Participant: 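The structure's right below; bear with me while I get my questions together.
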Amino acid sequence: MYKQHMNWLLITFIIITLTIIALYQITKIKRTQLLKSHTIKFLSSQMNYEVKGNGDPVILVHGSMISDPWNGFDKELSKTHTVYLAHLPGFGGSDVVSGRFHNTDLFSEALCTFIKETKLQNAPVIALSLGTVVAAKSAEKECLQGKLILIGAPIKVDSEILKKASLIPIWLRRFIGSTEWGRSKILVPILRDIIGNKDKGNDQELLRELEITDTKALVDLDVYREVNLQMPEVLPKLKNEIVYIYGEKDKLLKSAKEFLKDMVIIEDADHNIFKSQLSITFEVIVKNL
C-alpha cells in the first residue's frame with residue numbers, strides 16, 4: 001500500500017513538472033538580439049558596440065533599456081564627437097556569458113575590457129541609470145579615467161516590490177522573468193516603482209524593449225548589495241571628475257540629495273531625461289563634456 005501511494009505521488013510529481021515545463025515553453029519569450037556591428041571578445045562571449053560620428057571620443061553606457069534610451073541624443077552628439085555605444089553582456093547585440101551572474105560586477109568587468117581594447121581610458125563617459133553603477137565600478141578599478149557624467153544614478157533604491165522580488169531564488173527569478181506574465185506583472189512594475197513612474201500607458205513599449213535583453217541581464221542583479229550598499233562606498237573613492245544629473249520628477253532624486261552635495265537638476269524631466277527633456281539635456285551635457 002505504501003509503495004502504491006509513493007508511485008502515485010511520483011506520477012503526480014512528474015505530471016506537474018511536465019505541465020510546468022510545457023507551459024513555460026509556451027509562454028517563454030525568445031530574445032530578439034540586435035545585430036552585431038563591432039565586437040570584442042569578452043570571456044567566452046562577444047561584446048557588441050556601435051560607433052557613430054567623428055571627433056573626440058565619448059562613451060555612452062545604457063541602463064536597463066537599450067533599444068533607444070538616448071532618444072536621438074547619440075545622433076546629435078555624433079555630429080561633433082565619435083560616439084561609442086557599448087552593449088553590456090546580455091543587452092542589445094552582446095552575448096550572455098555562460099556560467100556567470102549578469103550583475104554590475106560582470107558588467108563593469110565587461111566595460112573595463114571594452115575600454116582597454118578600444119584604448120579609450122581617458123574618454124568621458126555618459127552613463128544612464130543602471131549604467132551609472134557600472135561606470136562607477138569601472139572607475140573604481142581605474143580602467144576608466146575620464147570624466148563621468150552620471151544621469152539618474154541610483155544611490156539608494158526604495159521599492160517594496162523589489163524587496164519582495166529579491167527574496168525569490170535566482171533560478172526562479174530567471175524562470176519567471178523569461179515569461180510574458182513575469183515581465184508584465186513583475187519586471188515592468190518594478191521598473192516603474194524604482195523611478196516613481198505610475199503611468200502604465202508605456203508598459204507595452206517597455207515590454208517590447210525588454211525583448212532584446214536576455215532574462216539573466218534583467219533579473220540577476222542584487223539591488224540591495226550592488227546599489228544600496230556599494231554605491232555610497234564606491235562614489236567617494238573615485239578620482240574622476242563627476243557630474244551628476246537628475247530629472248526633477250525622478251524618484252531617485254530624493255535619496256541622491258541626501259548623499260550628494262552638487263548636482264544638475266533638469267526641470268519637468270523624469271528618470272530618463274533624454275525622453276522627457278532632450279534639448280536642454282543635450283545643452284547641459286555638451287557644456288559639461
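Predicted, not measured: the structure shown is a model, and the values here were computed from it.
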Participant: For the pair R183 (side chain) and V188 (backbone), establish whether a donor and an acceptor sit closer than 3.5 Å, ignoring hydrogens and angles.
Facilitator: no
Participant: So, T32 and E211: side-chain donor and acceptor under 3.5 Å apart, yes or no?
Facilitator: no
Participant: Could you tell me whether K36 atom NZ has more than 12 heavy atoms of other residues or ligands within 6.0 Å of it?
Facilitator: yes
Participant: Who passes salt bridge (charged side-chain N to carboxylate O under 4.0 Å, His left out) against K237, sequence neighbours left out?
Facilitator: E140
Participant: Please find the pair of heavy atoms, one from C143 and one from S138, that lie closest to each other, and give the distance.
Facilitator: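 Smallest interatomic distance, heavy atoms only, reads SG-O, 3.3 Å.
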Participant: Does H38 reach the side chain of Y84, with side-chain heavy atoms less than 4.5 Å apart?
Facilitator: no
Participant: Within this structure, what is the CD1-OG1 distance for the pair I266 and T281, rounded to the nearest 0.5 Å?
Facilitator: 4.5 Å
Participant: So, for P154 and V227, which heavy atoms are closest and what is the spacing to 0.1 Å?
Facilitator: O-CG1, 3.1 Å
Participant: Look only at the side chain of E248 and the backbone of D268, and say whether a donor-acceptor pair between them is shorter than 3.5 Å.
Facilitator: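 Side chain of E248 to backbone of D268: a pair is present.
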Participant: Would you say L43 and V96 are hydrophobically clustered, going by side-chain heavy atoms of ILVMFWY under 4.5 Å?
Facilitator: no
Participant: Which of parallel (below 30°), tilted (30 to 60°) and perpendicular (above 60°) describes H62 and H87?
Facilitator: perpendicular
Participant: Do V125 and I149 touch side chain to side chain, with heavy atoms closer than 4.5 Å?
Facilitator: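 No. Closest side-chain heavy atoms not under 4.5 Å.
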Participant: Please check if I170 and L106 belong to a single hydrophobic cluster, counting links between Ile, Leu, Val, Met, Phe, Trp and Tyr side chain heavy atoms closer than 4.5 Å.
Facilitator: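 Different clusters.
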Participant: Verify, without hydrogens or angle tests, whether D270 (side chain) and N272 (backbone) share a donor-acceptor contact under 3.5 angstrom.
Facilitator: yes
Participant: I need the N71 CG to F282 CZ distance, nearest 0.5 Å.
Facilitator: 13.0 Å
Participant: Should V51 and L120 be regarded as members of a common hydrophobic cluster, given that ILVMFWY residues are connected when their side-chain heavy atoms come within less than 4.5 Å of each other, either directly or indirectly?
Facilitator: yes
Participant: Using every non-hydrogen atom in the two residues, find where P236 and M231 come nearest and quote the distance to one decimal.
Facilitator: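 P236 and M231 have their closest heavy atoms at CD-O, 4.3 Å.
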Participant: Assess whether a salt bridge exists between K254 and D158, defined as any Lys/Arg side-chain N lying under 4.0 Å from an Asp/Glu carboxylate O.
Facilitator: no
Participant: Below 4.0 angstrom, N of the basic side chain to O of the carboxylate: do K239 and E142 qualify?
Facilitator: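 A salt bridge links K239 with E142.
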Participant: I'd like to know if the side chain of Q145 and the backbone of N122 have a donor-acceptor N/O pair within less than 3.5 Å.
Facilitator: no
Participant: Working to the nearest 0.5 angstrom, can you tell me the gap between D95 CG and T39 OG1?
Facilitator: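 If we round to the nearest 0.5 Å, D95:CG and T39:OG1 are 9.0 Å apart.
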Participant: Would you call L252 and H271 a side-chain contact if the rule is heavy atoms closer than 4.5 Å?
Facilitator: yes
Participant: Side-chain heavy atoms nearer than 4.5 Å, only ILVMFWY residues, links allowed to pass through others: does that put Y224 and F259 together?
Facilitator: no
Participant: Does the side chain of L77 reach to within under 4.5 Å of the side chain of I285, using non-hydrogen atoms?
Facilitator: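 No, every pair of side-chain atoms sits at 4.5 Å or beyond.
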Participant: Linking I/L/V/M/F/W/Y whenever any side-chain heavy atoms sit under 4.5 Å apart, do W171 and V223 land together?
Facilitator: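 Yes.
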Participant: Is there a side-chain contact between I126 and I59 in this structure, where contact means two heavy atoms from C-beta onward sitting under 4.5 Å apart?
Facilitator: no
Participant: Quick one: does any side-chain atom of K147 pair with a main-chain N or O of N288 as donor and acceptor, under 3.5 Å?
Facilitator: yes
Participant: Give the C-alpha distance, both sets of side-chain angles, the deciding distance and a yes or no for side-chain contact (heavy atoms from CB on, under 4.5 Å) between L229 and E233.
Facilitator: CA-CA 7 Å; L229 293 182; E233 293 183 352; 5.8 Å; no
Participant: Quick test of your reading of the model: are R173 and D222 salt-bridged, counting only N-O distances below 4.0 Å?
Facilitator: no
Participant: Closer than 3.5 angstrom, by distance alone: can the side chain of N228 be matched with the main-chain N or O of V157 as a donor-acceptor pair?
Facilitator: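 Yes, because the side chain of N228 sits within donor-acceptor range (under 3.5 Å) of the backbone of V157.
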Participant: Can D220 and R174 be counted as an ion pair, charged N to O under 4.0 angstrom?
Facilitator: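 Looking at R174 together with D220, the answer is yes, because their closest N to O distance falls below 4.0 Å.
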Participant: Decide yes or no for Q46 and I40: does some side-chain heavy atom of the first lie under 4.5 Å from some side-chain heavy atom of the second?
Facilitator: no
Participant: Would you call K52 and E76 a salt bridge, using N to O less than 4.0 angstrom?
Facilitator: no
Participant: Closest approach of H81 and D56, non-hydrogen atoms and distance?
Facilitator: CB-O, 3.2 Å
Participant: Rounded at 0.5 Å granularity, tell me how far CD1 in I151 sits from CD1 in I245.
Facilitator: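 Spacing of CD1 (I151) from CD1 (I245) equals 5.0 Å.
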Participant: Do any N or O atoms from the side chain of S45 and from the backbone of K41 form a donor-acceptor pair under 3.5 angstrom?
Facilitator: no
Participant: side-chain contact (heavy atoms from CB on, under 4.5 Å) with V284: which of I273, V264, V243?
Facilitator: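 With V284 as partner, I273, V264, V243 yield a single side-chain contact (heavy atoms from CB on, under 4.5 Å), made by V264.
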Participant: Which atom names give the shortest non-hydrogen contact between A127 and A135, and what distance separates them?
Facilitator: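 Heavy atoms of A127 and A135 come nearest at CB-CB, 4.0 Å.
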Participant: Got a sec, which pairs hit ring pair (Phe, Tyr, Trp, His ring centres under 6.0 Å) with one end in residues 92-132, sequence neighbours left out?
Facilitator: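 Applying ring pair (Phe, Tyr, Trp, His ring centres under 6.0 Å) to every pair that reaches into residues 92-132, excluding sequence neighbours, yields Y49-F114, F91-F107.
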Participant: As an exercise, state the distance from NZ of K141 to CG of L111, rounded to the nearest 0.5 Å.
Facilitator: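 Those atoms lie 9.0 Å apart.
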Participant: Please report the closest heavy-atom contact between T132 and A153, naming both atoms and the distance.
Facilitator: OG1-CA, 3.3 Å
Participant: I'd like to know if the side chain of N48 reaches the main chain of S37, judged simply by a donor and an acceptor atom lying under 3.5 Å from each other, with no hydrogens or angles considered.
Facilitator: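 Yes; at least one donor-acceptor contact below 3.5 Å.
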Participant: Verify the neighbour count for atom CG of L35: are there more than 12 heavy atoms of other residues, nucleotides or ligands below 6.0 Å?
Facilitator: no
Participant: Does any non-hydrogen side-chain atom of V97 lie less than 4.5 Å from one of P89?
Facilitator: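 The answer is yes, as the side chains (C-beta and beyond) meet within the 4.5 Å cut-off.
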Participant: In this structure, which one of R225, Q230, E226 forms a side-chain hydrogen bond (donor to acceptor under 3.5 Å, both in side chains) with T104?
Facilitator: E226
Participant: Say whether, by atom type as modelled, one donor and one acceptor occur between the side chain of S108 and the main chain of V134 under 3.5 angstrom.
Facilitator: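 The answer is no, because no donor-acceptor pair under 3.5 Å joins these two groups.
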Participant: Taking the side chain as C-beta and beyond, is there a heavy-atom pair between P232 and I155 under 4.5 Å?
Facilitator: yes
Participant: How long is the gap from CH2 on W181 to CD1 on I176, to the nearest 0.5 Å?
Facilitator: 6.0 Å
Participant: Treating Q33 as the side-chain partner and G93 as the backbone partner, does any N or O pair qualify as donor plus acceptor under 3.5 Å?
Facilitator: yes
